[in-house]
Amino acid sequence: MSQAALTPDRGPKATTPPEATAQSGAGETAFAVLLSLSFCHLLNDMIQSLVPALYPILKQNYALDFGQIGLITLAFQCTASLLQPLVGLYTDRRPMPYSLPVGMASTLVGLLVLSQAGSYGVILLAAALIGVGSSVFHPESSRVARLASGGRYGLAQSLFQVGGNFGQAIGPLLAAFIVAPRGQGSLVWFSAAALLGMVLLVRVGGWYARNRIAGASRGRAAGAGAVTLPRGRVLFAVAVLVALLFSKNVYTASLSSYYTFYLIQRFGVSVQAAQIYLFVFLASLVVGLVLGGLVSDRVGRLPVIWFSILGVLPFTLALPYVGLTTTVILTIVIGLIISSAFPAILVYAQQLMPGKVGLVAGLFFGLSFGLGGLGAAALGQMADWAGIDTVYRICSFLPLLGVLTAFLPNIERATR
């Protein structure tokens, strides 16, 4: 995708695409590195997704209410959220190639603690440690993916994100067939996945250490042709993107955290069946992510953001009033549409703030976790007070915030 300078008195003006500039000196795309990162993203997010997938077991074993379930999500996602922008900002200035296996080590420790936790406080600690691992992993791995892209930034971002979303999708499935029948202690088996991730990330960190100087030079060349807007307009656009992420992630949290309880309570399905239905929903998020990236490359970021947030509204409004089969179908459609927003939002934010890959990745990945965590905690309290059905009726209106897309500047006009 091309970019251009924006002059204040004469409007957008086309210039040489920065990706073309980067490609001229970038060499071939390092697919081995990209695939390793994508696979490690799969492992990282698979382990993370075991936390909400374990909720029915924890609720039963420790007699937790929905508010306490929401606080587990808050502990996990706040550590994953609040630290990410700080990590990204720091590593923009001082890259840390070997921070990736360190982050995975924190995830490993959290997983082991969670498998042996005997009290609610220890569960919160374990969830927080897994969140810390995520906060270290995402910003720096996004930077490595960009460096390995050979100038094909869209392809690299797509491969990286698909790994994570696929990991989120298979986590509940593994929980349904491994953790649910064997109990909380079986989580220790997944430590092998974290160890494998650490080994791969040590190798990726070595590649990054050898190639990051050349990558920094290419980044400066690309930034020379980037879109520039007044600081106030950039901050306002970022605030709009945050509001859109709030709509998307709080609604997604309502399904990822409480969908199993909704199915069990309303339709009387088994815990294992509910986990499978959750996997189907999360799998639709993976497919929607890929489609969103492909379509936004062709038609632009803003049309995809419009469709992804506001376009899902008819389906969310219908969801609380239909039967089991239609519920499953609607959640698939909702997952396909609503997940397509994130790659478009992330690339749009990178255009707004060129040269700040770590900060953008940390901010928006962190916001995804943090907003989802805050939403899950609030929705848990609401479910205790008014019932899970009321939660979905209220959340069905969240996509109305998609109208805020009208306030985003059309920076892509300069590229056409």
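These numbers were taken from a predicted model, which means no experiment stands behind them.
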In this structure, CG of Leu241 is separated from CG of Leu352 (nearest 0.5 Å) by 6.5 Å
Given side chains that start at C-beta, do those of Ser135 and Thr79 come closer than 4.5 Å, heavy atoms only?
no
Run the numbers on Leu100 and Ser141 for side-chain contact (heavy atoms from CB on, under 4.5 Å), then give the verdict.
CA-CA 7 Å; Leu100 292 171; Ser141 57; 3.9 Å; yes
Donor-acceptor side-chain pairing of Arg393 and Thr390 below 3.5 angstrom
yes
Just to verify, which of Val328, Thr327, Thr326, Ile332 counts as forming a side chain to side chain contact (heavy atoms under 4.5 Å, CB included) with Leu330?
Thr326
What's the separation between atom CG in Leu401 and atom CG in Leu310, rounded to the nearest 0.5 Å?
10.0 Å
Check whether more than 12 heavy atoms from other residues, nucleotides or ligands sit under 6.0 Å from atom OH of Tyr277, and answer yes or no.
no
Which atoms form the tightest heavy-atom contact between Asn211 and Trp207, and what is the distance?
ND2-O, 2.8 Å
Taking all atoms of both residues into account, what is the closest heavy-atom pair of Ser186 and Val179, and its distance?
OG-CA, 3.3 Å
Spell out, as yes or no, whether a donor-acceptor pair under 3.5 Å connects the side chain of Gln68 to the backbone of Asp65.
yes
Hey, are the side chains of Leu278 and Leu263 touching, using non-hydrogen atoms and a 4.5 Å cut-off?
no
Any sub-3.5 Å donor-acceptor pair from Ser340's side-chain atoms to Gly288's backbone N or O?
no
Can you tell me how far OG1 of Thr405 sits from CD1 of Ile309, rounded to the nearest 0.5 angstrom?
7.0 Å
Is there a side-chain contact between Leu58 and Gln184 (heavy atoms, below 4.5 Å)?
yes
Between CG on residue Leu313 and OH on residue Tyr251, distance to nearest 0.5 Å:
10.0 Å
Considering residues, nucleotides and ligands other than Tyr62, do more than 12 of their heavy atoms fall under 6.0 Å from its OH?
yes
Quick one: pull up OH in Tyr321 and CG in Asp389 and give me the separation to the nearest 0.5 Å.
9.5 Å
Leu336 and its side chain to side chain contact (heavy atoms under 4.5 Å, CB included) partner, picked from Val287, Leu285, Val286:
Val287
Please work out which of the three classes, parallel, tilted or perpendicular, describes the rings of Phe137 and His41, given edges at 30° and 60°.
tilted
Under the 3.5 angstrom rule, does the side chain of Tyr55 hit a backbone N or O of Ser257 as a donor-acceptor pair?
no
Partners meeting side-chain contact (heavy atoms from CB on, under 4.5 Å) with Pro56 (sequence neighbours left out):
Thr260, Phe261, Val271, Gln275
Does Arg203, at its CZ atom, have more than 12 non-hydrogen atoms belonging to other residues, nucleotides or ligands within less than 6.0 Å?
no
Do Tyr120 and Leu71 come close enough that some side-chain heavy atom pair is under 4.5 Å?
yes
Does OH in Tyr98 sit with more than 12 non-hydrogen atoms of other residues, nucleotides or ligands closer than 6.0 Å?
yes
Would you sort out whether Leu129 and Leu111 count as a side-chain contact (heavy atoms from CB on, under 4.5 Å), showing the intermediate values?
CA-CA 8 Å; Leu129 286 171; Leu111 183 67; over 6 Å; no
Could you tell me whether the side chains of Gln381 and Asp384 share a donor-acceptor contact shorter than 3.5 Å?
no
Do the side-chain N and O atoms of Ser134 and His138 include a donor-acceptor pair separated by under 3.5 angstrom?
yes
Evaluate the criterion side-chain contact (heavy atoms from CB on, under 4.5 Å) for residue pair Tyr262 and Leu255; output intermediate values, then yes/no.
CA-CA 9 Å; Tyr262 177 75; Leu255 288 174; over 6 Å; no
Do you know which two heavy atoms are closest between Cys40 and Leu200, and how far apart they sit?
SG-CB, 3.6 Å
Which atoms form the tightest heavy-atom contact between Leu302 and Pro409, and what is the distance?
CD1-O, 4.1 Å
Give a yes or no answer on whether the side chain of Arg266 reaches the backbone of Pro320 with a donor-acceptor pair at less than 3.5 Å.
yes
Correct closest heavy-atom pair for Gln84 and Pro139 would be O-CG, 3.6 Å
Is there a donor-acceptor pair under 3.5 Å between the side chain of Ser308 and the backbone N or O of Ile338?
yes
When you compare the side chain of Thr316 with that of Tyr392, does any pair of heavy atoms fall below 4.5 Å?
no
Is there a donor-acceptor pair under 3.5 Å between the side chain of Ser106 and the backbone N or O of Gly103?
no
So, do Asp45 and Gln48 sit near enough that their side-chain heavy atoms are less than 4.5 Å apart?
yes
Flag yes if more than 12 heavy atoms outside Phe281 fall under 6.0 Å of its CZ atom; otherwise flag no.
yes
Set out, in order, the CA-CA distance, both residues' side-chain angles and the distance that settles side-chain contact (heavy atoms from CB on, under 4.5 Å) for Ile170 and Leu42, then state yes or no.
CA-CA 9 Å; Ile170 65 174; Leu42 182 154; 4.0 Å; yes
Restricting to non-hydrogen atoms, name the atom on Leu37 and the atom on Ala145 that form the minimum distance, rounded to 0.1 Å.
CD1-N, 3.5 Å
With side chains defined as the heavy atoms from C-beta onward, is the minimum distance between Phe166 and Met46 less than 4.5 Å?
no
Spacing of Met198 atom CE and Ser191 atom OG [to the nearest 0.5 Å]:
11.0 Å
Side-chain contact test, heavy atoms from C-beta onward, threshold under 4.5 Å: evaluate it for Ile72 versus Leu64 and give yes or no.
yes
